[in-house]
Trainee: 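Here it is: the structure, laid out below.
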Amino acid sequence: MMIKKKRGILLNNALTTIIAVIGLVLIFFAAYKLYQTFVNQEAENAKNALNVIEAKINNLNDGETGKFLVQGTKGWFLVGWSKEEVNRPDKCFFESCICVCKGNIGKNTEFIDQQFKDLCQNNGFCRDSKKEEIVLRGKKEQLTTGIIPVGRPLPYTLGFIRLPENLIELKISKTERSLEIEDARLEDENK
Amino acid sequence: MRFYKRYKKGAVESYFVVTVVLAIVGFIAVLFFAVNKTGFQDYGNDEVCKLSVLTRATTPANAQSYVPLKCSTKKTCLTQDKECGQFAGEDKVVREKLPDDRDAAARKIEEIHAKAMYDCWNMMGQGKLDLFGSFAERFGGDSAKPTCVICSRVAIDKNVPIEVLQKVDINRYMENTPVSEGGLTYLQALANDKGARSFVRLKTPDEIARLEKDPNLDSKKLDDIKSDFERLVNEQANKREMAFVFMQIKTEKFSNVLANLGVAGIAFAGGAFMTPVMNKVLFNPYVIGGSLIIGGAYATYAYSNIHEGQELAASAGYCGDFVSSKGDAEKGCSITQMIPYDYQYINKLCNSIQGNP
């Protein structure tokens, strides 16, 4: 009758295993970092722009106004929704928000709210705001077709701001109740 | 027959536990030290940028546009006690404390600016790499329009006395100070000329007067230059923030490139880029609002003297063939310039900007 003695192998191999696991973790981490260098740079830049805008907004106190430079990304735009507005992306369900989204906003204003919602839902980044009202004013553009929103004669100031390929100066005004972001070039247009 | 039942369950001996704990703690300590205490983070950012620049320049042409430039804009705040308001709310701002002594503070300001210029030029391949051509083509852009990377932003706290800024002479610092001990001066390194001793100075004291005699500048452009110059004096002196911008533009003929620089760039870019600094006041980037006149100090020949293929001596600029993954070398110019961090000036110089803000 033989009794098989099964001694545990853990003691002999545990240290090696632990060091191997740590090494693998480091390798996977390095691979992830390397992968990140090839991730969509355009989206990263757009997100960075939104981060800068959010930081500048947070740095302002109620009642203050400031002008800040933001590096834009071609094909992206800045848009916002107030708390009571309907037709918002799911990302902005509970609060007011500002978003940076990618897409082609044509000169046709018809169903423009739906356009914004769809574009931001599919390809955008959003940040919540505690303010009840969000107002964005972009550079004036001549709209050619579609329904002109009531009270807005052509050319009218767009409720969104196209981000350029270079720098844009944004004028941000903050009150207790509202947040206004305006393309600073509007000041030159209005002169 | 006697059977010995020896129950020997696995026992973790003390030396084993101690070894494992020491190994894990050691890893964590080395990692923490390397990342946080040795400037590894900054070193890592610079190296990542350089790697991405080289990778893009040497990647096959049809894949070049898929390689992003992983260059982040460095932010430096020069202050004697407080934070720079120019960077309010922004992260990754490096704060450099200026000495109380005004002369020492001025030297420190010169050092930071010279280093920023040099680092930008160096990191972007000294202007000889074709970085934006394929990218522009892929995204429907025009490689003949200037594309930029904002390497760094340097801001001076508004509490720093104006008397300090009036002592700043970046050109003289670059002429006399080696990049590293015993090596080339900043001027020599940027000009790629060991014999360069000083920036060439034109004799005409009034830059505007010189430009008025330039036959290639029409009256509208001259008016733009004058109004921009006045705006600089009135506005930028208060902002105290400069950007170090690497710009590249491509074309077949350098004369066209340089002419386009005068047109596409800021109004004073055309004249100032090709114009050496006139006097000490103009050296000072902050007293008169920075102005590309300082950037222009790095280019010392009137553009009429530039011949095809000739490097712009004593300037952070290069016109010639680019190293490219395409079969035929493409021609153009690359320039690193210090300009006010203002969208009106940067956007006149840069049709598009890449890199991380």
Trainee: With heavy-atom distances below 4.5 Å as the criterion, would you say the side chains of Tyr343(B) and Ile168(A) are in contact?
Mentor: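 A side-chain contact under 4.5 Å is absent here.
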Trainee: Without swapping roles, check the side chain of Gln71(A) against the backbone of Gly355(B) for a donor-acceptor pair under 3.5 Å.
Mentor: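 Such a contact is found between Gln71(A) side chain and Gly355(B) backbone.
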Trainee: Of all residues at least two apart in sequence or in a different chain, which pass the salt bridge (charged side-chain N to carboxylate O under 4.0 Å, His left out) check with Arg127(A)?
Mentor: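 Once residues adjacent in sequence are excluded, the partners of Arg127(A) under the salt bridge (charged side-chain N to carboxylate O under 4.0 Å, His left out) criterion are Glu54(A).
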Trainee: CD of Glu42(A) to CD of Gln354(B): how many Å apart, nearest 0.5 Å?
Mentor: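 One gets 10.5 Å once the value is rounded to the nearest 0.5 Å.
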Trainee: Between Asn166(A) and chain B, which part of the residue has a heavy atom less than 4.5 Å away: side chain, backbone, both or neither?
Mentor: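 Interface part for Asn166(A): both.
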Trainee: Could you pull out all residues at least two apart from Val52(A) that satisfy side-chain contact (heavy atoms from CB on, under 4.5 Å)?
Mentor: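 Residues passing side-chain contact (heavy atoms from CB on, under 4.5 Å) with Val52(A): Lys56(A), Val70(A).
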Trainee: Could you tell me the separation between the CD atom of Glu169(A) and the CG atom of Asn347(B), rounded to the nearest 0.5 Å?
Mentor: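 So the CD of Glu169(A) and the CG of Asn347(B) are separated by 10.0 Å.
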Trainee: Indicate the atoms forming the closest heavy-atom contact of Ala55(A) with Gly89(B), along with that distance.
Mentor: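 Closest approach of Ala55(A) to Gly89(B): CB-O, 2.9 Å.
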Trainee: Please round to the nearest 0.5 Å and tell me the distance separating atom CD of Glu90(B) and atom CG of Asn51(A).
Mentor: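 Interatomic distance, Glu90(B) CD to Asn51(A) CG, rounded to 0.5 Å: 11.5 Å.
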Trainee: Answer yes or no: are there more than 12 heavy-atom neighbours, outside Lys47(A) itself, under 6.0 Å from its atom NZ?
Mentor: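 Atom NZ in Lys47(A) is not crowded, with 12 or fewer foreign heavy atoms closer than 6.0 Å.
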Trainee: Output the distance between atom CZ (Phe68(A)) and atom CD (Gln86(B)), rounded to the nearest 0.5 Å.
Mentor: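 The distance works out to 12.0 Å.
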Trainee: Might you point out which heavy atoms bring Ala88(B) and Asn59(A) nearest each other, and give the distance in Å?
Mentor: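 For Ala88(B) versus Asn59(A), the nearest heavy atoms are CB-ND2, 2.9 Å.
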Trainee: Does a side-chain heavy-atom distance below 4.5 Å link Leu167(A) with Asp342(B)?
Mentor: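 Heavy-atom side-chain distance check fails, nothing below 4.5 Å.
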